[in-house]
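So the structure is just underneath, and the comments pick up after that.
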Number of protein chains: 2
Amino acid sequence: MSIGVIEVPTRRALLVQKIEEQILTGKLRAGDSLPSERQLQEETHISKTMIHAALVELEQKGFLEITPRRGAVVANYTETGTMETLNARIRLNGGNMTAKQTRSFLEARIAIEGAALRRLAERRTDEDLAYLEQILAQADALLEREKSDDAALADALFRFHRGICLRSGNEFFPLLLNEFRPIIMEFWMRSIAVFGAASNVHLAKRYLELIRAGDAEGAFHRLERSVNEYLSCLDEQ
Amino acid sequence: MSIGVIEVPTRRALLVQKIEEQILTGKLRAGDSLPSERQLQEETHISKTMIHAALVELEQKGFLEITPRRGAVVANYTETGTMETLNARIRLNGGNMTAKQTRSFLEARIAIEGAALRRLAERRTDEDLAYLEQILAQADALLEREKSDDAALADALFRFHRGICLRSGNEFFPLLLNEFRPIIMEFWMRSIAVFGAASNVHLAKRYLELIRAGDAEGAFHRLERSVNEYLSCLDEQ
DNA sequence: TCCAGTAATTGGTCCGACCAAAAGGACGGG
DNA sequence: CCCGTCCTTTTGGTCGGACCAATTACTGGA
């Protein structure tokens with residue numbers, strides 16, 4: 001057990017976190033208006049510049065709606081919520097997704113990556129295969145090392161699956177994966193912990209072979225099956 | 001033709017827009033580094049506080065990568081790009097998607113909304129149906145009016161289809177639709193222009209009936225068919 | 001040639017003051 | 001009693017200067 005880097009949070013980050021908490025725990029509800037920036041300044045003893053910066057950050061994350069000279073109100077995140085909002089919600093929960101969130105995530109994964117997988121298997125080129133092979137070679141190199149680096153391997157797995165979306169020719173799929181990134185990385189870290197590093201890389205190679213063979217349905221069903229395996233392993237715990 | 005609301009953009013927004021333009025038009029390429037914040041301050045006569053805020057915003061949008069004390073470089077948006085990045089790209093192009101983007105969008109729509117549709121049809125409750133009916137009632141009310149308001153109708157259609165995702169029980173799908181929002185709204189505006197307002201509302205009612213009947217496959221194929229119709233109509237133009 | 005020491009530069013944070021627009025009263029004519 | 005006009009207050013948005021810590025670039029001596 002190492003202590004690791006100790007980072008001092010900034011006042012602004014703390015303020016953002018505090019307001020996020022109030023919203024996510026329901027103390028602040030959609031439609032509620034926040035105190036004015038000056039009032040917050042007095043309460044918190046933080047300069048108005050930083051108060052303002054924090055509120056703008058929360059607006060960009062989809063938590064608030066700011067109208068100039070009218071104030072900030074808590075947004076209804078059914079209306080404005082994005083992946084950013086969800087990431088914050090998960091972070092608040094100590095980085096753990098609820099069972100429902102996990103299921104939702106995997107369902108979304110099948111929908112998006114499944115579609116990409118099908119398309120890619122149908123129209124893969126040599127260039128596509130080379131692109132994916134190169135990422136797997138990096139993953140193999142990571143396996144060879146004596147010191148295992150799970151984070152680097154998870155990153156490689158992420159890039160492999162994003163590569164599938166990228167090479168499917170659809171311009172939206174890889175962007176969606178980028179949006180999901182923190183969640184997907186967490187997923188792979190867990191998968192490595194449960195099934196082992198080698199097993200995950202081996203599975204990736206299976207996908208590549210199915211794509212090479214042009215077996216769209218086979219690749220899709222492989223995805224469905226591995227997701228279900230993951231789910232049943234999760235249920236056991 | 002009405003003039004509409006005139007909103008004064010903030011300096012920060014203008015700076016963000018300008019840098020976005022430079023990146024999207026290729027004047028700034030991935031890997032290029034930006035001038036330092038102080039240099040930008042001199043060039044633009046905008047205070048460093050605002051310069052910094054603008055750069056951070058661009059980082060959150062996936063256009064830049066900022067390293068403390070090293071500067072900001074233009075990001076490779078394969079790596080960092082999000083829906084926000086794509087929205088900006090489309091906005092720069094006058095709100096028009098390329099043919100490939102349109103195809104990608106519709107493919108993503110089938111993947112996501114199709115999955116939601118299937119799930120919802122299998123496990124819909126009376127509450128779910130009432131929720132969707134209520135949105136369609138609003139759409140009907142809009143149709144009755146003598147003055148047609150396409151934007152309001154497009155919004156209702158958006159909320160109906162987001163409602164499908166919301167009521168599917170998957171926590172990710174509605175968030176994804178929010179992320180897509182500007183693009184989806186553009187899509188519905190176009191669909192209203194091509195097929196007419198009544199026709200679009202009528203189609204929505206068909207989905208609702210298929211969901212009510214629990215016909216998951218029927219609903220899914222309805223979606224596929226209407227997407228293909230839209231595509232072939234687009235090809236004709 | 002090398003290296004320690006230093007000066008300059010960088011992004012990140014913070015402050016207190018000011019601006020223009022909007023909201024809310026106060027006032028006065030009808 | 002009503003309604004427009006004027007003025008004060010409050011609001012978010014902006015500014016320029018300051019400081020910090022880390023990095024980089026340079027410089028002088030061994």
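Here is how names work: the chains are called A, B, and so on, in the same order as the sequence lines, proteins then strands, and each is numbered from 1. All values reported here derive from a predicted model rather than from experimental measurement.
- Between the NE2 atom of His52(B) and the P atom of dC15(D) there is a distance of 15 Å, rounded to whole Å.
- Residue Arg69(B) contributes atom CZ, which lies 11 Å from atom C1' of dT13(C) at whole-angstrom precision.
- One atom, CD1 of Ile51(B), and another, P of dT13(C), lie 16 Å apart when rounded to the nearest Å.
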- request: List the steps, then state whether ring pair (Phe, Tyr, Trp, His ring centres under 6.0 Å) holds for Tyr207(B) with Phe160(B).
  value: CA-CA 10 Å; Tyr207(B) 284 121; Phe160(B) 177 76; 7.1 Å; no

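- Checking dT14(D), dA21(D), dG12(D) against every side-chain atom of Arg11(B), the shortest atom distance belongs to dT14(D).
- Remark: Asp150(B) does not engage Arg190(B) in a salt bridge, criterion side-chain N to carboxylate O under 4.0 Å.
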Are any protein N/O atoms closer than 3.5 Å to N/O atoms in nucleotides 16-18 of chain D? If there are, list each pair with its distance.
residue : atom : partner  : partner atom : Å
dG16(D) : O6   : Thr49(B) : OG1          : 2.9

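- In this view, Thr98(B) and Lys100(B), Gln101(B) satisfy the side chain to side chain contact (heavy atoms under 4.5 Å, CB included) rule, not counting sequence neighbours.
- Residues satisfying the side chain to side chain donor-acceptor pair (under 3.5 Å) criterion with Gln138(B), sequence neighbours excluded, are Arg159(B).
- Residue Leu58(B) contributes atom CG, which lies 15 Å from atom C1' of dG11(C) at whole-angstrom precision.
- Here Ile66(B) lies in heavy-atom contact (under 4.0 Å) with sugar-phosphate atoms only.
- With rounding to whole Å, Leu40(B) atom CG is found 11 Å from dT10(C) atom P.
- In this entry the distance linking CE of Met50(A) with C1' of dC15(D) reads 13 Å, nearest Å.
- Rounded to an integer number of Å, the gap from CZ of Arg70(B) to P of dA8(C) is 21 Å.
- Residues in residues 9-18 of chain A take part in these salt bridge (Lys or Arg N to Asp or Glu O under 4.0 Å) pairs, two or more places apart or across chains: Arg12(A)-Glu57(A).
- The side chain to side chain contact (heavy atoms under 4.5 Å, CB included) check on Glu144(B) picks up nothing, with sequence neighbours excluded.
- Each of Gln39(B) and Pro68(A) was assigned the nucleotide of DNA chain C with the nearest heavy atom; the assignment lying further toward the 5' end belongs to Gln39(B).
- Summarising the geometry, the separation between CD on Glu37(A) and C1' on dC19(C) is reported as 14 Å, rounded to the nearest angstrom.
- Sorted by first and then second residue, the salt bridge (Lys or Arg N to Asp or Glu O under 4.0 Å) pairs involving residues 73-87 of chain B (not counting sequence neighbours) are Arg162(A)-Glu79(B).
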